Amino acid sequence: MLSKNAEVAQVLEEIGLLLDIEGKDRFRPLAYHRGARAIKSLGEDVVEVARRNELTKIPGIGKGLAKIITNYIETGQVPKLDELRTRVPIKVMELMAIRGVGPRTVKLMYDKLGITDLESLERAASDGSLSQLPGLGDRSVKQILQGIELVRQGLERTLLADALIEAEKIVSALRALPSVRQIEVAGSARRRRETVGDLDILVNASDTETIMGTFVGLESVAEVLARGTTKSSVRLTSNLQIDLRVIPAESFGAGLQYFTGSVDHNVKLRSIAQKMGLKLNEYGLFRGEEKVEGREERAIYESFGMTWVPPELREDRGEIEAAQDGTLPDLITPDAVRGDLHTHTDQSDGRNTIEEMIDAAQEREYEYFCISDHTKSLTIANGMDEERLEARINEIDRLNESGRWKMRILKGAEVDILQDGELDISDDLLSRLDIVTASIHSRMNDSKRVMTERVCHALENKFVHILGHPTGRLLLKRPPFEIDLSAVFEVARKNNVIMELNAHPQRLDLNAGNLRSAVRAGLRIAVNTDAHSVAELDNMTFGIYQARRGWLTKDDIINTHTLKKLLRLIKK
Ligand SMILES: [Zn+2]
Ligand SMILES: [Zn+2]
C-alpha cells in the first residue's frame, strides 16, 4: 500500500529477473528477489527507514542492496539496472505480468525468437512461431494472447485502491493551502469503479497560481502534461494520470456532477433537462440565460424532481428512474458491518497469528469474526489437513472460553472444491465448523459446463455456507473463469448458500451486475475481506463500495446481522 515500497521492490525484482535471464550467476539473482520480497512486506515506509540509515537492519537487505535503494530514493537513478537493460534489452516486467509467463519462458522466447516486449510477443503469437517453442502449445499461446490484452489494460488502468491512495495524498497536500475552499475527487474514482483510467480532482480556490504550482510540483509527479490556470494534468511515477480543474463556487456542484459521470448517466440527465426546457452542463443548470442551480450537486438532482443519486449508482442502470419514483435503495454503509467471515492466519498463508488477527478485529469493534484458513489440497498455501484443522477447532474453543475478547470467534475454513466437486475435508469435521466457505483454487480453465457442475455439486454439500470469490477473477491479471452463474444461484438458493463479495481490491468478486442478479435470485451476500494480514482487514471498505455499486442494502448482507440472527439465517 506504500507506493515507494512498491517502486523499490519492483526495481530489485527487475534486476533479479534480468540477472536470471542473463544466466551468468545462479545465486546473485536470489539476493535481489529476496530483497524485493523484504521491501514488499515491509510494514513501514522504506524512505523513512533509509532516512534513519537502517536499511541493512531489514532481513534480506545487505550493504549492496541498501546502497542501490538509497541511491534510487535520493536520485531516482539505478545505474546497475540501466547497464543490465542495455545488455538484456527485454521489457521483463511487462512480459512477466502475463499470467503463466515466467523468467524461463521469457529467456526462451528471447533466445529463440528475439521477443523483447508485448508487441514482438503478440506478433510471434499470431504468426505461429511462438507455438513452435518447446512447452508452448496452441492452448498456452491463446492464454498468452489473452494475457497481453489484460496487461495492456493494466498499463492504462489502476486498481481503485491504488488510485484512492494517490488521490488522498494529492487532496491532502492541496487542502493544506490556505486559499482552497472545496476539493473533491470526481470521475470513476468517485463512482468507486473497480479500476480507474485517470483521476479527476476538482478544486474551488482563489489563488489558482499557487494551487497549480503545488500540484505540478508534487513529489509523485513524473511528467507535467499540461499546465494552465483552470486545468493542469500530470502523470505520476505510478503511471496514473491526474487532471486538476479549478471551478468557481457558483458552479462547483454542476462541475462535480458533470465530471463524476458516467457518460451514460449524464446523457440521460441532460435529456431530462431538455424536456423540462432546461440546459445542464458543467457550469450549471440553466433556463435560457438564467442560472437556476450550480452551487450544490444535490439541488441539481432535486430540480428534476428526483432524489440525489449516490455516485456508485450513476451508470444508467435504472437509477434515474428509481430516483424519479423515490425508490432508490437504502445503500449499505460501512458502519452496518458487524463482522468478517473470511480471514486467514499464519496457520496457512496469512502473515499474522490468530491472536493478532482477533485483536485487530476487536479494534474494529466487530461482534463476530471468522478464522477460515486454507485446507490441505492448497499445498502452496500450506493448507491444513484434518489433524491441524481439528487442533484449530479446539484452539478456537479455548480462545472463546478465555474471555479475552468480547466478540465471538467463529470456527471456519476455506475448503477447496476439488476436480469432481467434492470438498477436500470430510463432512465429519466440516460439521464441527461454524462457517464453511468453499472456493475454487484449481483447474480454472475447466469448460463452462464442467465448472458449473463442479461448483453446483459443492454447494449441495450440506455443510457449505458460503461460496468464496465465485468467479475467481483477479482484476487486470486474470479473467473470471467460465461459469453459468444463474445455474449456480439456483442451486445456492435451494441449499441456502450465501454468495461472497470478496472485498480484496484485486478481486471484488462478485462484480456489481452479478451482485444484483444474486439478490434478485433470492440470495444473501457476505462481504468478506479474505484478509491475509491485519492491514488487509481494512479492505472491508472496498467491499462496501462494491456492494453499493451492486445496489445492496443492509438486509441483503449477512454480516450486518447480529450473531444470533446470522447463525439462524445460515442454518440449513
Ligand atoms: Zn480463496
Ligand atoms: Zn481466502
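Quick caveat, the model's predicted, so the values are computed rather than measured. Atoms within each ligand, like the ligands themselves, are counted from 1 in listed order.
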Does Arg364 form a salt bridge (Lys or Arg N to Asp or Glu O under 4.0 Å) with Asp538? I'd like the steps, not just the answer. CA-CA 9 Å; Arg364 286 157 181 80; Asp538 288 337; 2.9 Å; yes
Which is it for Ile69 and Leu12 under the side chain to side chain contact (heavy atoms under 4.5 Å, CB included) test, yes or no, and what are the steps along the way? CA-CA 9 Å; Ile69 296 171; Leu12 299 180; 4.2 Å; yes
Check the pair Asp373, Ser348 against side-chain hydrogen bond (donor to acceptor under 3.5 Å, both in side chains), reporting the backbone distance first and the verdict last. CA-CA 6 Å; Asp373 276 301; Ser348 61; 2.5 Å; yes
Please walk me through it: do Glu414 and His344 pass side-chain hydrogen bond (donor to acceptor under 3.5 Å, both in side chains)? CA-CA 9 Å; Glu414 182 179 14; His344 296 268; 3.0 Å; yes
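You'll find the side chain of Gln143 reaches within 4.5 Å of the side chain of Asn445, heavy atoms only.
When Met384, Lys411, Arg432 are each tested for a side-chain contact (heavy atoms from CB on, under 4.5 Å) with Leu389, only one passes: Met384.
For the Zn ion (ligand 1), the count of nearby protein N/O/S atoms, taking only those under 2.8 Å, is 3.
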